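Working notes, beginning with the structure itself.
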Amino acid sequence: MKKLNILFVVAALVLPVAATAQTAIADANGVFTGVTAHRGNSVEFPENTLPSFQGGIDAGADWVELDIRTTKDGQIVISHDADTKRTTGVELLIPNATYQELERLDVAASFRKAKGLTLSQCPVQRMPLLKDALLLFMKQNRTHVSMHLKVDCVTEAIAIIKEAHAEQIVGFNDSGLDYVSKAKKLAPAIPIFWDRLPTTNIDEDIKVAKERGFETIVMHYSGVTQENVDKIKAANLKTGAWTVDDRPTLEKMLKLGIERIYTDDPKLLITIKKELN
């Protein structure tokens, strides 16, 4: 009898933990919507940096979106632009540079200057590697990360994701078909957020998305209409909009029923969602 009592006590302690872990995994596999911090919390921190990603996590964003591309020596780094001029003030082409060369640059330089901040207020930041960003996201279990494929580094990115055991917290996005189709073929369980331009043919997009197994159509906010939103939802797909930073447009997107919104200011969007609810 004593042995049975001990077993029941152990089960009572273990089962809630196991259930919590299973719930976290299920949520990670099913969350395609929500507040998406564009290049991290990039209104408060230099874009596409580890502090910006942590800022997105701390703000309570459902997703952080970041941009990936490949260096001359085959490293996958995080940068929206193909060159470093806009963020660092120094012009260097990423595909023609080694990571050692890129690592010398301060990717917070332009942000610091634009905001009138000191070095102590905005410290030097180095261009992150994808593997380092994934390690950051793996330290928590709420915020997911979507990788914008700026070049064909799909195979390499999936290998890094698998090495980090991060399959359940990631997604891919891009406006082209080639990279996201390749990603869906190589890793079917990883969701695809297909970015579309305002002039897109939404009926054709829905057809393609269904054929290729994409989960979400993300429209440019200027092309979002109630008709388009209704069509996408009727096809059992999720809706998204990119990239919105002002209150009136954020409110408009939410009222139209957009489920996934890319924004540089995740705190503002979270505040508006709470107010409207």
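This is a predicted model, so every value here is computed, not measured.
Arg112 has a carboxylate O that lies under 4.0 Å from a charged side-chain N of Asp106, or vice versa, which qualifies the two as a salt bridge. We find that Lys85 and Glu91 are not joined by a salt bridge, their nearest charged nitrogen and carboxylate oxygen being 4.0 Å or further apart. Ion pair Lys115/Glu44 not flagged as a salt bridge, since none of the NZ, NE, NH1 or NH2 atoms sits closer than 4.0 Å to an Asp/Glu carboxylate oxygen.
Cluster annotation: Leu149 and Ile190 are assigned to the same hydrophobic cluster (Ile/Leu/Val/Met/Phe/Trp/Tyr, side-chain heavy-atom contacts under 4.5 Å, transitive). Note: the hydrophobic cluster containing Phe137 also contains Ile76 (ILVMFWY, side chain heavy atoms under 4.5 Å, direct or indirect links).
Between Phe193 and Trp63, the distance separating the two ring centers is shorter than 6.0 angstrom.
The only member of Ile78, Thr49, Val107 that meets side chain to side chain contact (heavy atoms under 4.5 Å, CB included) when paired with Met127 is Val107. Under the side chain to side chain contact (heavy atoms under 4.5 Å, CB included) rule, Ile57 has a single partner from Asn41, Val145, Thr143, which is Thr143.
Using modelled atom types, one side-chain atom of Glu101 and one backbone atom of Thr98 make a donor-acceptor pair closer than 3.5 Å. No donor-acceptor pair closer than 3.5 Å links the side chain of Thr200 to the backbone N or O of Arg196. Looking at Gln121, its side chain does come within 3.5 Å of a backbone N or O of Thr118 through a donor-acceptor pair. A donor-acceptor pair is defined here as one N or O able to donate and one able to accept, closer than 3.5 Å; no such pair exists between the side chain of Thr243 and the backbone of Tyr262. A donor-acceptor contact shorter than 3.5 Å links the side chain of Thr263 to the backbone of Val244. Under the 3.5 Å distance criterion, the side-chain polar atoms of Thr84 are matched with a main-chain donor or acceptor of Leu92.
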With a 3.5 Å cut-off and sequence neighbours excluded, list the donor-acceptor pairs that the side chains of residues 269-277 form with protein atoms.
residue: Thr271; atom: OG1; partner: Lys267; partner atom: O; Å: 2.9
residue: Glu275; atom: OE1; partner: Arg247; partner atom: NH1; Å: 2.9
residue: Asn277; atom: ND2; partner: Lys273; partner atom: O; Å: 3.1

Mind listing the side-chain donor-acceptor pairs of residues 169-176 below 3.5 Å, one per line with the distance, residues two or more places apart or on another chain?
residue: Asn173; atom: OD1; partner: Ser146; partner atom: OG; Å: 2.8
residue: Asn173; atom: OD1; partner: His148; partner atom: N; Å: 3.4
residue: Asn173; atom: ND2; partner: Glu65; partner atom: OE2; Å: 3.4
residue: Asn173; atom: ND2; partner: Asp195; partner atom: OD2; Å: 2.9
residue: Asp174; atom: OD1; partner: His148; partner atom: NE2; Å: 3.0
residue: Asp174; atom: OD2; partner: Gly176; partner atom: N; Å: 3.4

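For Thr33 and Arg260, the side-chain atoms include no donor-acceptor pair closer than 3.5 Å. Counted by atom type alone, Glu259 and Thr239 present one or more donor-acceptor pairs between their side chains at under 3.5 Å.
Distance check, rounded to the nearest 0.5 Å: CD1 of Ile202 to CD1 of Ile217 gives 5.0 Å.
Qualifying side chain to side chain donor-acceptor pair (under 3.5 Å) partners for Asp264, counting only residues two or more places apart in sequence or in other chains: His38, Ser42.
A 4.5 Å side-chain heavy-atom check between Thr36 and Asp62 finds every atom pair outside the cut-off.
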